Amino acid sequence: MLTKIYSASIQGIEAFPVTIETFGEKGAIFSIVGLPDTAVKESQQRIASAIVHSGVQFPHRRTIINLAPADVKKEGAGFDLPMALGVLSAHSIIKADNLGDYMIMGELSLDGSVLPVRGVLPMAIKARELGFKRLIVPDANVTEAAVVNRIEVFGVKSLAEAIELLQGESTLSPTVMDTRAIFASESAVYDMDFSEVKGQESVKRAFEVACAGGHNILMIGPPGAGKSMMAKRLPTILPPLSLGEALETTKIHSVAGKLQRGSMLMTRRPFRTPHHTVSPVAMVGGGSNPMPGEISLAHNGVLFLDEFPEFPRQVLEVLRQPIEDRTITVARAKYTVNYPASFMLVASMNPCPCGYYGHPKKKCTCLPGSVNKYMNKISGPLLDRIDLQIEIQPVEFDDIASNTPAESSGSIRARVIRARQIQQERFRGEKGVYSNAQMNTRLLRKYSWPDAEGLAKLKERMEKLNMSARAFDRILRVARTIADLESAQSLPDPNSADYASAMAIAVNTPVMSHHIAEAIGYRNLDRSDYGNAF
């Protein structure tokens, strides 16, 4: 007897359907075809043991399982459950007339329990796209899959439960999640706050500008100045994820197997902090079984690189193309996959190997020439792609000992959100552009071109500091964000009658000379004499 059961596999961060055809007849051979990897081939032993421990007689007859399409490699243990059900159905041990309504996935343990698999969310999305009515997944993945509406999602703990469900003997009901309510309640919950940061007001301002426009930022300063402390609090002032961004971000983490058991939708922007010993493949993704790298796991969030110059040169240089294109294409001999990589790069570094070059109170112990050598570990093209480059000085004792509370993350975040609302309105008709950092040359000339005084100031500073053409674009983007933050202060309540007219004015507010001046002030490392003048 021939039966067909439907499942799915992952390619990149998208799922594609897999039809599991099972044929049973007289004989004693069990074979799996359709380009299975080792994990799929080994499923025969797991299936046999799971069936026996589920109280069902294993059919010792000839069984052929084909995984279609046969020319695409099938990886992982997620086909265990549908293959086991296919074997039982092909040999008429179970009777299920509605197999075509289900997409099924899950790994089997030897005792028949169903173990979680990665990539359930994109599989659930694909199942809905293909018109399936129901989805059977491991119980540990059910909340992840239930994010997708208009499809019934059943979480099973064992093969026996799946058999009862297919035969109509189960009381198991589909899992329903109020996604929007849960998302709204958890999206602004953080354990840290900027109110805990004493002093460093100019750096906080730079962080506010960076978050308001989605710009990359580099901090340079001595040890203990608070670089890492402030970077870890940066997600608390970023605008909340939209539901679409949350779904896309969760898909990536689901494919990578990074979601915690029982988790639903990611409600906060990711914050990735790879160690400086990370390899290029771990950073960009790929491998024998392609997986998203750190830059994709930071999609819609923050990639924080502490001790920036300590990262291998090759690792840093692979960031150049994703920073510009906001996507990464991993091409290998056997596959080519595309991963999204729209992230904020936040980096921190010391000014020299000992960390105290330019310190107001401590003497640098580095050898002559070592400062320039240390700074040259960061290439010019990479520095060009970092919008804000700021120097940090140690916090004064009076600031540390002060009991005066600093401004909270909530207050800063409110200003950032208002500035982002202006940008969303401005780029409403532009596909793939949601913030000032994503503007191309055409949009820069349309929305960020400064007045005559600002252009003259920019020309003077660029010629004096020997800045590149890319630095010119970066300055205009940052200046546009500074202007938006200024305009956001006069925006009324969104429910007021004057909101639409005030928004129209804010969208078209010109970039002035003082906006340009502040943006230029955030380009400290562009000076050709930086190593000598710092």
Side-chain angles (χ1 to χ4, degrees), residues 11-14 210-211 213-218 238 241-242 244-245 247-249 251-253 255-256 269-270 272 274 278-287 290-305 308 311 313-332 335-347 378-389 420 423-424 426-427 429-448 468-478 480-481:
Q11 190 170 48
I13 63 167
E14 302 296 334
C211 292
H215 303 290
N216 303 319
I217 184 169
L218 170 64
L238 281 169
L241 285 168
S242 67
E245 286 177 325
L247 195 62
E248 186 178 33
T249 306
K251 279 174 60 177
I252 298 171
H253 286 250
V255 169
R269 294 187 181 273
R272 304 295 300 181
V278 65
S279 68
V281 172
M283 184 66 80
V284 302
M291 297 283 283
E294 289 292 336
I295 60 174
S296 296
L297 293 171
H299 180 63
N300 290 325
V302 176
L303 178 66
F304 176 47
L305 303 184
F308 201 38
F311 283 80
R313 184 68 172 254
Q314 186 180 5
V315 172
L316 295 181
E317 294 307 301
V318 300
L319 295 173
R320 287 161 54 176
Q321 180 261 337
I323 288 175
E324 289 288 325
D325 298 341
R326 299 185 179 274
T327 185
I328 181 71
T329 300
V330 180
R332 300 291 184 266
Y335 64 84
T336 299
V337 295
N338 294 308
Y339 293 121
S342 181
F343 58 90
M344 268 185 67
L345 174 63
V346 180
I378 313 299
S379 68
L382 182 56
L383 282 178
D384 263 356
R385 288 166 167 83
I386 299 177
D387 305 329
L388 292 89
Q389 307 155 1
R420 285 290 184 106
Q423 294 165 48
Q424 290 169 7
R426 176 182 297 129
F427 304 128
E430 303 290 343
K431 186 177 179 180
V433 181
Y434 307 103
S435 65
N436 290 332
Q438 297 172 327
M439 283 192 291
N440 54 30
T441 303
R442 176 180 62 84
L443 295 176
L444 278 174
R445 290 191 169 269
K446 183 177 181 180
Y447 295 115
S448 298
S468 68
R470 183 179 283 113
F472 174 83
D473 289 350
R474 299 282 171 178
I475 290 171
L476 290 184
R477 290 188 179 100
V478 174
R480 177 70 267 173
T481 300

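These numbers come from a predicted model, not from an experiment. Index from 1, following the sequence. Values reported hereafter were calculated over all heavy atoms of this structure, with side chains retained and with hydrogens, waters and symmetry mates removed.
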Side-chain (Gln438) to main-chain (Tyr434) donor-acceptor, under 3.5 angstrom: yes
Minimum heavy-atom distance Phe427-Val433, with the two atoms named: CB-O, 3.4 Å
Donor-acceptor contact below 3.5 Å, side chain Ser296 vs main chain Pro340: yes
CD (Gln314) with more than 12 external heavy atoms under 6.0 Å: no
Atom of Leu297, atom of Ala256 and distance for their closest heavy-atom approach: CD2-CB, 3.8 Å
Close side-chain approach of Thr481 and Ser435, heavy atoms under 4.5 Å: no
Whether Asp387 side chain and Asn216 backbone form a donor-acceptor pair below 3.5 Å: yes
Trace of the side-chain contact (heavy atoms from CB on, under 4.5 Å) decision for Leu238 with Met344: CA-CA 10 Å; Leu238 281 169; Met344 268 185 67; 3.7 Å; yes
SB check Glu317 Arg320 (cutoff 4.0 Å): yes
Contact check, side chains of Leu382 and Phe308, non-hydrogen atoms, under 4.5 Å: yes
Least distance between heavy atoms, Arg477 atom then Asn440 atom: NH2-CA, 4.4 Å
Within-4.5 Å side-chain heavy-atom neighbours: Leu383 and Leu218: yes
Closest heavy-atom pair and its distance - Tyr339, Val284: CD1-O, 4.3 Å
Ile295 vs Val318 side-chain heavy atoms within contact, under 4.5 Å: no
Atom pair CG (Asn436) and CD (Gln423), whose distance is rounded to the nearest 0.5 Å: 3.5 Å
Test item: Arg480 and Arg426 side chains (from C-beta on) under 4.5 Å apart, heavy atoms: yes
Spatial distance of atom CD (Gln389) from atom CZ (Arg474) [nearest 0.5 Å]: 10.0 Å
N/O donor-acceptor pair under 3.5 Å between Arg272 side chain and Glu294 backbone: no
Which atom of Pro270 lies closest to which atom of His299, heavy atoms considered: CG-O, 3.3 Å
Flag side-chain contact, heavy atom, 4.5 Å: Met283 against Leu305: yes
Phe311 side, atom CZ; Ile378 side, atom CD1 - distance, nearest 0.5 Å: 9.5 Å
From Arg470 atom CZ to Ile386 atom CD1, the distance as rounded to the nearest 0.5 Å: 11.5 Å
Nearest heavy atoms of Arg269 and Gly301, plus distance in Å: CB-CA, 4.0 Å
Side-chain heavy atoms of Arg385 within contact of Leu345, under 4.5 Å: no
Rounded distance [0.5 Å steps], CG in Leu444 versus CZ in Phe472: 8.0 Å
Donor-acceptor under 3.5 Å (Ser342 side chain, Thr327 main chain): no
Exceeds 12 heavy-atom contacts within 6.0 angstrom, atom CZ of Arg445: no
